[in-house]
Trainee: 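Dumping the structure here so I can ask a few things about it.
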Amino acid sequence: MNIASVIVDVPASSINQTFDYKIPERFQDVLESGMRVIVPFGPRKIMGFVVGRKAKSAFKGLKNITEVLDITPVLTPELLGLGKWLADETLSLYITSFQAMLPQVLKSQYKKELVKMTEADLSHELEMVFAGRDILPYEEFTGSEISYYQLQKAIHDGDVAVNYLVKSKITKKHVTMIKSSCPMHLLEEAYNDLSKKAKKQREIVAFFIENSEPVELQKFMNEMQTTRSTIKILQDRKLVTTYKVEVLRNPYNDTKFESTIPLRLTDQQQQAITPIKQKIAANEHDVFLVHGVTGSGKTEIYLQAIQDVINKGKEAIVLVPEISLTPQMVRRFKGRFGSNVAVMHSALSSGEKYDEWRRIHRKEVQVVVGARSAIFAPFENLGIIIIDEEHETSYKQEDQPRYHARDVAIHRGEHHHCPVILGSATPTLESYARAQKGVYQLAALDKRTNEKAMPKVEIVDMRNELHAGNRTMFSRSLKDKIEQSMERKEQIVLLLNRRGYSTFVMCRDCGHVKECPHCDIALTYHKNSNQLKCHYCSYEEPMPLNCPECNSDLIRYFGTGTQRVEESLTQLIPEARVIRMDVDTTRRKGAHEKLLNQFANKEADILLGTQMIAKGLDFENVTLVGVLTADSMLHLPDFRSSEKTFQLLTQVSGRAGRHELPGEVIVQTYTPDHYSIELASVYDYNQFYLREMAMRKTFNYPPYVFLALVTVSHQNQIKAVQITQKIVRMLVNHVGEDTVVLGPTPSPIARMKDRYRYQCMVKYKNEPKLRALIKKIIQQFDDEVRKEDLLITVDMQPYQLM
DNA sequence: AGCACGCCGACT
DNA sequence: GTCGGCGTGCTC
């Protein structure tokens, strides 16, 4: 078994296979599957994952593994298998799949350097760049004006060699410790020898006579009121030593978490948790859909189920959507399970993420709470997987591997024979349909734990406002209610559903709209920099003073960004104190939390924001929620737009009156009779489900069919269409009769970064060979992909049709 | 992907 | 002869 099969870090379809390497003697006892290694690959050295060991290889002339990077495997056998499954399922490369399961810092970086191999002088120019050094970073050569030919000659003559390096991104955090470094009697001797004047030194020596344990140097110096210089003297006299130890960064170290005890469950909660507990006890897999209205106490069910799992010595994964991974959320879990919880969150630095990952890897915790990628936590004894807010679109990864965390969760749940819990107030139609069919177990919680009614929702028809001469974005009713709330010193949350609208720039004279020169999309106006920006390719230009078409100076920005709304709000109600939350004000680390704290401390009356304020926030003083444009999402080219609208309205309504004070919701819309708005206002999920299912059936959309989306992009529009056309034809020829193949259709954003994008959609019910078929078809374009900069991407079960 | 190799054409 | 620009094929 002295040969290792390795998946190598080269993301190309022709390399998507294992390569065999000999295991040198010195690694034979230590090398296991799942470890990262450095291997020679052509002239280079690159990283790879060992996926297996064997005694024989069909390949002649194996090379040796150069280096082993891990002491224990970073991928467990289960994760190796999961990675392979994931790659096959999403039509991704094995290496891409493996990398997605690990923290970013475990990715390797590659460098080249030139080494001078001769004592003699190189050519004049080469000597100039080497500048007396023997080793030259390759970029310095590239940055110089010297011809590659010259270097080639020097390499050929053996005067210069190229060194290929694999660098690690890992940075570890260290603290300096101090301890006594001589036997007790010597310390006591030294203490007596010290002059009476050396007060600090005596104190320190006295401390170490009392205390033989090492202590953290920084804390020690603070407590002793001393500095390095004093320590240095004792160090030189060999009485104490300092040394560094590695510590794991702990992002929540300085936060105190009040510990909580299990709450008494309501009858409904009890009914929901009982079958889950049974499955945990029996070590059986099953999927539960917990359909619970906001405030029905889903989290408490999660917490108590996890407690069972911990008691069995097993582990738990809890997924929460990125934006609701707030300190509030973390507090609930850390409050119950203390330091037994790791948190995986995109706001952590890459070093912090790595350290949280290692706490899992080293089995120092039993619970991980995290966003999508936490589903790959390297636990080996999983007892439960929970996906909160199951309907959230952020569980679908939008780049390779395009996986849905729910599918991965169920796959892992089957492997570990443990239950998977999906929780939501507004489940996806897919999940609810499966629960209806009995594929998932349904648990309904339709009562709030505090027995409070859901806040009353008033729908305001904005067309009537216009007719009545109100041209602002605030209906008279909303304005009145805001003022009343403010008088009562209560707080208000205003949601601007920005998607679909943004501040674009248009000329009032000729109607010209400023578009991105590289994408088919209007540029967005950013007030604080006075710039126009493209949200897809990061193109920027200053806001023009005159229209580039007709030179009119009546060029203005339109649409309703949060900035605009804030302005007109303060115009309308000057005394209102407003906190605005959107991507611009929350970009900085910790800004999100800071703004929410301000609001919680009642430093503002109104919290105005985008989607991000719709979820998970819980402020007791909020009694009014206003949705400014409920229908802005409805008109997007997306078959899920009604579902998303319903979900958003239901969620944001849940923000009002969560505690003692009764809540009220005002929904402004131009389409008041749309069923998603009407039914959300009366909290009728079941009716919505029926209506929407009928819709999906009529138009042949999930959950009645599965989707696969192939997108082709190329600089040349005709080329993009032609290739898509070919793909469509090949698909049509090989799929079953019930399967529909659509296209070529321009992608909703038909041009992005100077590339035209066309797509082909497959709608199918049962097509077991579809993945293999698409794979085969794409392979036929491999040559063009390489040579002509053609791009073909496949998304199995797309969430966004962009 | 990223690299070497080899062929070709342009330039001195 | 000298130099640089692609196209091609390979990587255990």
Trainee: Tell me whether the rings of Trp357(A) and Tyr354(A) are parallel (<30°), tilted (30 to 60°) or perpendicular (>60°).
Mentor: parallel
Trainee: Round to a whole Å and report the spacing from CD of Gln152(A) to P of dA4(B).
Mentor: 8 Å
Trainee: Rounded to whole angstroms, how far apart are NZ on Lys111(A) and C1' on dA1(B)?
Mentor: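 From Lys111(A) NZ to dA1(B) C1': 19 Å.
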Trainee: Atom CD1 of Ile46(A) to atom C1' of dC3(B): distance rounded to whole Å?
Mentor: 12 Å
Trainee: What does Phe59(A) touch in the nucleic acid at a heavy-atom separation under 4.0 angstrom: a base, only the sugar-phosphate, or nothing?
Mentor: base
Trainee: Indicate the ring-plane relationship of His411(A) and Trp85(A), choosing parallel, tilted or perpendicular according to the 30° and 60° boundaries.
Mentor: parallel
Trainee: When we call it a touch if two heavy atoms are under 4.0 Å apart, what does Lys787(A) touch: a base, just sugar-phosphate, or nothing?
Mentor: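 Sugar-phosphate contact only - Lys787(A) comes under 4.0 Å of backbone atoms but never of a base.
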Trainee: Where each residue is assigned the nucleotide of DNA chain C containing its nearest heavy atom, which of Tyr149(A) and Lys22(A) is assigned the position nearer the 5′ end?
Mentor: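 It is Tyr149(A), whose closest nucleotide lies nearer the 5' terminus.
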Trainee: Over all strands shown, is Ile3(A) touching base, sugar-phosphate only, or nothing at heavy-atom distances under 4.0 angstrom?
Mentor: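 If one applies the 4.0 Å heavy-atom cut-off, Ile3(A) turns out to touch nothing in the nucleic acid.
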Trainee: For the pair made of CG in Leu151(A) and C1' in dC5(B), what is the distance, rounded to whole Å?
Mentor: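 Result: 15 Å.
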Trainee: Any base atoms under 4.0 Å from Tyr110(A), or only sugar-phosphate, or nothing? Heavy atoms, all strands.
Mentor: nothing
Trainee: Tell me, please, the opening and closing nucleotides of DNA chain C, 5' to 3', among those with an atom under 4.0 angstrom from a non-hydrogen atom of chain A.
Mentor: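 It runs dC3(C) to dC12(C).
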Trainee: Roughly, in whole Å, what's the span from CZ in Phe41(A) to C1' in dC3(B)?
Mentor: 11 Å
Trainee: Pick the closest DNA chain C nucleotide for Lys153(A) and for Arg786(A) by heavy atoms, then say which residue is nearer the 5' end.
Mentor: Lys153(A)
Trainee: Only one of Val166(A), Asn64(A), Ile46(A) passes side chain to side chain contact (heavy atoms under 4.5 Å, CB included) with Val39(A); say which it is.
Mentor: Ile46(A)
Trainee: Can we say Arg751(A) and Asp754(A) salt-bridge, meaning some charged N sits less than 4.0 Å from an Asp/Glu carboxylate O?
Mentor: yes
Trainee: Distance check needed: dA1(B) P versus Gln400(A) CD, whole Å only.
Mentor: 12 Å
Trainee: Nearest whole angstrom, please: distance from the C1' of dA4(B) to the NZ of Lys112(A).
Mentor: 11 Å
Trainee: To the nearest angstrom, how far is Ile155(A) atom CD1 from dC3(B) atom P?
Mentor: 11 Å
Trainee: Decide side-chain hydrogen bond (donor to acceptor under 3.5 Å, both in side chains) for Arg786(A) and Ser13(A); before the verdict, give the C-alpha distance in whole Å, the side-chain angles of both, and the deciding distance to 0.1 Å.
Mentor: CA-CA 10 Å; Arg786(A) 266 179 64 86; Ser13(A) 60; over 6 Å; no
Trainee: Would you call the rings of Tyr764(A) and Phe706(A) parallel, tilted or perpendicular, where under 30° means parallel and over 60° means perpendicular?
Mentor: tilted
Trainee: Report yes if at least one side-chain N or O of Tyr148(A) is closer than 4.0 Å to OP1 or OP2 of dC5(B); otherwise report no.
Mentor: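 For dC5(B), neither OP1 nor OP2 has a side-chain N or O of Tyr148(A) closer than 4.0 Å.
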Trainee: How far does CD1 of Ile7(A) sit from CZ of Arg36(A), to the nearest 0.5 angstrom?
Mentor: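 Those atoms lie 16.0 Å apart.
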